[in-house]
Amino acid sequence: MRLSQFHLATVKEIPADAEIASHRLMLRAGMIRKLASGLYTWSPLGLRVLRKVERIVREEMDRAGAIEMLMPSVQPKELWEESGRWEKFGDQLLKIRDRKEQEFCYGPTHEEVITDFARNELKSYKQLPVNFYQIQTKFRDEIRPRFGVMRAREFLMKDAYSFHLTQESLAETYAAMYQAYTRIFTRLGLQFRAVQADTGAIGGNASHEFQVLADAGEDAIAFSDGSDYAANVEKATSLPPVTTRPAAAADLQRVDTPRVRTVEDVCRHFGTSPDRVLKTLLVRGRDGLVALCLRGDHELNEVKAGKLVELPDEAVLAPEAEILAAVGAHPGFVGPVGLPDAIPVIVDRDAAVLADFICGGNADDTHYAGANWERDARITRVEDLRQVVEGDASPDGKGSLHLARGIEVGHVFQLGQKYAQALGATVVDDQGKNQVMTMGCYGIGVSRIVAAAIEQRHDEAGIVWPEAMAPWQVAVCVINPKNVPAVNEAAEALYRKLGAQGAETLLDDRGLRPGAMFADIELIGIPHRVVVSERGLAAGTLEYRKRDEAEARAITEEELFALLG
RNA sequence: CGGGGUAUAGCUCAGUCUGGUAGAGCGUUGCGUUUGGGACGCAAAAGUCGGGGGUUCGAAUCCCUCUGCCCCGACCA
């Protein structure tokens, strides 16, 4: 491509509110332009990168035996009512009406459509297993779109759905998809981790997220330094404490603690540390309030709490008025000692081995010191309730856990029969009986990958593309072509040769001053840069610089071809 | 949905408090000089000051209202 014939649209100034590197650089490089909140136009440059990602995803999906198709982005309300998600999906679902006042939504995902397709197309177990995929635009009306295409409302996604007669068959395809995803992200040149993920209300235990490691990531993940254990912090567990509860040494003592509400306050007042303090949270249960007790230095994991039988699907902190009515104290002064019998006391494993601890007094401005389980406070049950912290023992007993930030770019999920059941998607098995199909679903955020890659690979000058994602592999920069015909001719010749070698080449024939030209080429992250100049022509060499190397060096044309492989 | 901010030239922003001829930088156009790290000079084009209403002799500026966008929170691939 001759740059003079392309629409390169780099800019010097971008809005002050572009916060993260990928958003800033995509705007500066002119890869995207915002149309409205959460909606972006992909410029020719941006699209080249997006297509690179798409191609690799497509190749690996095909290799893994998936079959490409394309479903409508607009979907009828009826289908979503069948699955029960017209209401359940909430305001994230963009609902629209046609001229006949028929209701539709712009698809945020395609389980309903594919399951409808499957129930019409798949009749026999002999057609299974089968794995359909598409690469398509989705829309989710995010509460707060931000970070450019990282969390846009409209985005490009690869979604695949597999259909099976048995769980074993599903497990096989799931494993194949897991492998395919690993290949995709490896080929893209990204640092990533496959982490165990929470499966939410749907159940089942097979779900992995593929997380690109980056500080700007919106997800927190935990991984072991002694094994391949890795999990989203929502799901991450650790070994239970090795210590058993020490015997009570102190007497229970009621202490006046005016305005001492937070764990921090308590520590200051008693001159102790948070790991000696018991934190009691009251949440709404299925049947009245439930007390959740944690060590003061630990945080509640709401996903784990939501799975307790005492709770509805989610853990919701009780409002102040309810707490006051049930306990007679404001939040901050609640504790397990003397709590009404109707309130179950679920204690985190680490909190359960505390002895002589401090906890709320169930009356405003009082705490107990020297409190002990069993003697002073009952335990309904001990559970794993907390968020893992740096240094926790890995649950497989190998190594300890570390925390990192990640950007979720892929998700594989054993769906089970939820949608097939709801929509009545069945096939006849070898006994002639109707069987509800078992499904898996597998998503990749194609547009998000572009942002994630930049997040991971950039420097002061701009983007540093992995080879596989770069819009062009090599840029030929020409110094002063208009006044020095020999330089111009040499550059043209090199450009043709590179093209003949199969290298994707960008010829910067704009005739800009060198500084402006180099700045652009670095900003848009071309992996290899070659400069053709009068100086180099005289020496019979080319000046070569790799994007991620600090210095340029003189090389011959043969060396250049060898470098580009 | 709650709290806060913001809307002025193609872009990034001053000007609003204290009402009185619409500003800068970048970009764009023309001419000339320049050509190894975002060049320089001269000239030029470019704005219903987000929309509507009000106060006033006079509103970008004050008041009311609507809308968009951004930030924080709840939520989330």
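Here the structure is a predicted model, which means the values were calculated and not measured. Chain A is the first sequence line, chain B the second, and so forth, proteins listed ahead of strands; every chain is numbered from 1.
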>> Categorize A:R529 for me: base, sugar-phosphate, or nothing, with a 4.0 angstrom heavy-atom threshold over every strand shown.
In response: base

> For atom C1', what is the distance between B:C49 and B:A60, given to the nearest Å?
Replying inline: 5 Å

>> Can you confirm if the NZ or CZ of A:R193 lies within 45° of the ring axis of A:F223 and under 6.0 Å from the centre of its six-membered ring?
In response: yes

>> Whole angstroms only, please: what is the CG-P distance between A:L512 and B:A39?
In response: 9 Å

>> So, applying side chain to side chain contact (heavy atoms under 4.5 Å, CB included) with A:E455, which one of A:L25, A:V450, A:I407 is it?
In response: A:I407

> So what does A:A18 touch, heavy atoms closer than 4.0 Å: a base, only the sugar-phosphate, or nothing?
Replying inline: nothing

> Is A:R545 reaching over with its side chain to a backbone N or O of A:A552, donor-acceptor style, under 3.5 angstrom?
Replying inline: no

> Quick one: on RNA chain B, does A:E302 or A:A461 contact a more 5' nucleotide (nearest heavy atom)?
Replying inline: A:A461

> How far, in whole Å, is B:U65 from B:A44 if one measures between their C1' atoms?
Replying inline: 41 Å

>> From CG of A:N483 over to C1' of B:A39, roughly how many Å is that when rounded to an integer?
In response: 14 Å

> Which whole-number value in Å describes the distance from A:Y181 OH to B:A77 P?
Replying inline: 15 Å

>> In whole Å, measure the gap between the C1' atoms of B:C66 and B:A22 for me.
In response: 26 Å

>> Between C1' on B:G68 and CZ on A:R153, what's the gap in Å once rounded to a whole number?
In response: 11 Å

> Can you find a donor-acceptor N/O pair under 3.5 angstrom joining the side chain of A:R146 to the base of B:C70?
Replying inline: no

> For A:E142 and B:A77, what is the distance between atoms CD and C1' respectively, to the nearest whole Å?
Replying inline: 7 Å

>> Distance alone, cut at 3.5 Å: any donor-acceptor contact between the side chains of A:Y133 and A:N131?
In response: no

>> Under 4.0 Å, counting only non-hydrogen atoms across every strand here, what does A:D520 touch: a base, just sugar-phosphate, or nothing?
In response: base

> Side-chain donor-acceptor pair under 3.5 Å between A:E264 and A:T262, yes or no?
Replying inline: no

> From the list B:A77, B:G36, B:A39, which nucleotide is the closest neighbour of the side chain of A:P514?
Replying inline: B:G36

>> Heavy atoms only, 4.0 Å cut-off, all strands: where does A:R28 land among base, sugar-phosphate and nothing?
In response: base

> Base, sugar-phosphate alone, or nothing: which one does A:E543 contact when heavy atoms must sit under 4.0 Å apart?
Replying inline: base

>> Measure CG/A:L93 against P/B:A77 and give the value in whole Å, please.
In response: 14 Å

>> Using atom P in both nucleotides, what's the gap between B:C70 and B:C31 to the nearest angstrom?
In response: 41 Å

> When every nucleotide of nucleotides 1-13 of chain B is labelled 5' to 3' by its protein contacts under 4.0 Å (heavy atoms), B for base, S for sugar-phosphate only, - for none, what sequence of letters results?
Replying inline: ----------BBS

> So, A:R386 side chain and A:H298 main chain: donor-acceptor pair closer than 3.5 Å or not?
Replying inline: no

>> Under a 3.5 Å threshold, yes or no: a donor from one side chain and an acceptor from the other, between A:H208 and A:Y178?
In response: no

> So which nucleotide does B:U28 pair with, by the Watson-Crick or G-U wobble rule with both distances under 3.5 Å?
Replying inline: B:A44

>> For B:A7, give the paired nucleotide (Watson-Crick: N1-N3 plus N6-O4 or O6-N4; G-U: N1-O2 and O6-N3; both under 3.5 Å), or none.
In response: B:U67

> P atom, B:U56 versus B:G19: distance in rounded Å?
Replying inline: 16 Å

>> Would you say A:S37 places a side-chain N or O within less than 4.0 Å of OP1 or OP2 belonging to B:C70?
In response: yes

> Looking only at atom P, what distance separates B:G50 and B:G37, rounded to whole Å?
Replying inline: 42 Å

> With both distances under 3.5 Å as the test, what is the Watson-Crick or G-U wobble partner of B:U18?
Replying inline: none

> B:G38 base stacked by A:F518? Criteria: ring centres under 5.5 Å, plane angle under 30°.
Replying inline: no

> Within this structure, what is the CZ-to-P distance between A:R510 and B:A39, rounded to whole angstrom?
Replying inline: 12 Å

>> Expressed as a whole number of angstroms, how long is the span from A:L8:CG to B:G27:P?
In response: 15 Å

>> Can you tell me the base-pairing partner of B:U34? Count Watson-Crick or G-U wobble geometry only, both distances below 3.5 Å, and say none if there is no partner.
In response: none

> Taking only side-chain nitrogens and oxygens of A:R448, does any of them come within less than 4.0 Å of OP1 or OP2 of B:A77?
Replying inline: no

> Just checking, any donor-acceptor pair under 3.5 angstrom between side chains of A:T237 and A:D384?
Replying inline: no

> Does the side chain of A:T10 come under 3.5 Å of the side chain of A:D520 through a donor N or O and an acceptor N or O?
Replying inline: yes

> Under 3.5 Å, is there a donor-acceptor pair linking the side chains of A:H7 and A:S43?
Replying inline: no

> If you measure from the P atom in B:A39 to the same atom in B:G27, how many Å do you get, rounded?
Replying inline: 8 Å

> Can you tell which of B:C26, B:C76, B:G36 lies closest to the side chain of A:K12?
Replying inline: B:C26

> What is the nucleic acid contact for A:E19, judged by heavy atoms within less than 4.0 Å: base, sugar-phosphate only, or nothing?
Replying inline: sugar-phosphate

> Is B:U61 paired to anything, Watson-Crick or G-U wobble with both distances less than 3.5 Å, and if yes, which nucleotide?
Replying inline: none

> Mind checking who B:G73 pairs with, Watson-Crick or G-U wobble, both distances under 3.5 Å?
Replying inline: B:C1

> For A:K34, which contact category applies under a 4.0 Å heavy-atom criterion: base, sugar-phosphate, or nothing?
Replying inline: sugar-phosphate

> At under 4.0 Å between heavy atoms, what does A:Q211 touch on the DNA or RNA strands: base, sugar-phosphate, or nothing?
Replying inline: nothing

>> Say we look at B:G58 and B:C1: how far apart would their P atoms be, to the nearest angstrom?
In response: 38 Å

>> Determine whether a donor-acceptor pair (one donor, one acceptor, N or O, separation below 3.5 Å) exists between the side chain of A:N480 and the base of B:G36.
In response: no

